[in-house]
Amino acid sequence: MKQELLYEGKAKQIYSTANPDEVIIYYKDDATAGNGAKKAQFEDKGRLNSEISRMIYIDLMKNDIKTHLIKSVNEREQLCHKVDIILLEAIVRNIAAGSLVKRIGLEEGKKLNPPILEFCYKEDSFNDPLINDDHAVALGLATHEELDFIRGEMRKINDYLKALWLEVGIDLVDFKIEFGRMKDGTIVLADEISPDTCRLWDSKTGEKLDKDRFRQDMGGVIEAYEEIHRRLKDRT
Ligand code: TMP
């Protein structure tokens, strides 16, 4: 099924398939933080993230969110529509943490109601800077109408994800998603949703069950991903 390697990112590889409009996404075990400054490998992370992301995507698609996912090929690979990724990191924050705390001094753990929506320019050489709509339009990343659509999707996805995680005893602190354009211009959710791209705190204990365990050298990284995977799997 997999043919030529088209692109290799920090955590995934994209392969062509016999169909030019479809790709296979392979989830690697690599982890990076701080724009690649810190690197490690965690055995089984790719499989866990692929499965976690697939379960979440299926739920979102049942709720009428359009995504790039067609089906899983195996536990580490997904067949997806080929899209042009929009070079924006779309971030939704329900609780203050991470760069928000560092940037404007909100106390970690402060509830944000309504949630804060942010866009960062996906460009490593500038360290993925926070930008506004006018910047995104000036960069030719998207039109104002497309950004309004994306913001609507971010809010819908946040509502579904908050409820889904709460069902399995997790507070959704924040997350990053990406969007892509299909051949006909339709904008769909792309990339992964996993403990690599979300902050997930246990609702009862506040324990961090996400990539911050790697970023902050807390240990127990793969155990946390396994716990997230188990809770989602038990739900279905
Ligand atoms: P931040 O607090 O570091 O800006 O991160 C906000 C959320 O976005 C957090 O859940 C982690 C996620 N994220 C990524 O998935 N990739 C990235 O490159 C960055 C900076 C954040």
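Both counts, for ligands and for their atoms, begin at 1 and track the order of listing.
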Subject >> V173 contact mode with ligand 1 (heavy-atom cut-off under 4.0 Å) >> reply: neither
Original post:
Does R76 use its side chain to pair, donor to acceptor, with the backbone of Y27 at less than 3.5 Å?
Top reply: yes
**OP:** Determine whether any heavy atom of D210 lies closer than 4.0 Å to an atom of ligand 1.
**Re:** no
Subject >> K45 to Y225, cation-pi by 6.0 Å centre distance and 45° axis angle >> reply: no
Original post:
Within the structure, does at least one protein heavy atom fall under 4.0 Å of atom 17 (C) of ligand 1?
Top reply: yes
Original post:
Are the charged groups of E8 and K28 less than 4.0 angstrom apart, N to O?
Top reply: yes
Original post:
Can a non-hydrogen atom of K122 be found less than 4.0 Å from any atom of ligand 1?
Top reply: no
Original post:
How about K66: does its NZ atom have over 12 heavy atoms from other parts shown lying under 6.0 Å from it?
Top reply: no
Original post:
Starting from atom 20 (C) of ligand 1, which protein heavy atom do you reach first, and at what distance in Å?
Top reply: E89 OE1, 4.1 Å
Original post:
Around K38, counting heavy atoms of other residues, nucleotides and ligands shown, do more than 12 lie under 6.0 Å from its NZ?
Top reply: yes
Original post:
Got a donor-acceptor contact below 3.5 angstrom from the Q78 side chain to the S50 backbone?
Top reply: yes
**OP:** Check whether any N or O atom of R199, backbone or side chain, sits under 3.5 Å from an N or O atom of ligand 1, and answer yes or no.
**Re:** yes
Original post:
Is the number of heavy atoms from other residues, nucleotides or ligands within 6.0 Å of CG (D64) greater than 12?
Top reply: no
Original post:
Side chain, backbone, both or neither: which part of C120 comes within less than 4.0 Å of ligand 1 when only heavy atoms are counted?
Top reply: neither
**OP:** Could you list the atoms of ligand 1 found under 4.0 angstrom from a heavy atom of R93?
**Re:** 1 (P), 2 (O), 4 (O), 6 (C)
**OP:** Between R215 and ligand 1, find which residue part has any heavy-atom pair under 4.0 Å and reply side chain, backbone, both or neither.
**Re:** side chain
Original post:
Ignoring hydrogens and geometry, is there a side-chain-to-backbone donor-acceptor pair from K82 to H68 under 3.5 Å?
Top reply: no
Original post:
With atoms numbered from 1 as shown, which atoms in ligand 1 lie under 4.0 angstrom from a non-hydrogen atom of S99?
Top reply: 1 (P), 2 (O), 3 (O), 4 (O)
**OP:** Can you sort out which atoms of ligand 1 are near D174, meaning under 4.0 Å from one of its heavy atoms?
**Re:** 6 (C), 7 (C), 9 (C), 10 (O)
**OP:** Mark up the atoms of ligand 1 that fall under 4.0 Å of a heavy atom belonging to C198, in ascending order.
**Re:** 10 (O)
**OP:** Just jot down the ligand 1 atoms closer than 4.0 angstrom to any heavy atom of D196, in number order.
**Re:** 15 (O)
**OP:** Find all atoms of ligand 1 within a distance of less than 4.0 Å from any non-hydrogen atom belonging to F175, and give their numbers and elements.
**Re:** 10 (O)
Original post:
Do the ring centers of F149 and F179 come within less than 6.0 Å of each other?
Top reply: no
Original post:
Where is the nearest protein heavy atom to atom 14 (C) of ligand 1: which residue, which atom, and how far?
Top reply: K176 CE, 3.5 Å
Subject >> Whether over 12 other heavy atoms sit under 6.0 Å from Q216 CD >> reply: yes
Original post:
G98 heavy atoms, cut-off 4.0 Å: which ligand 1 atoms fall inside?
Top reply: 2 (O)
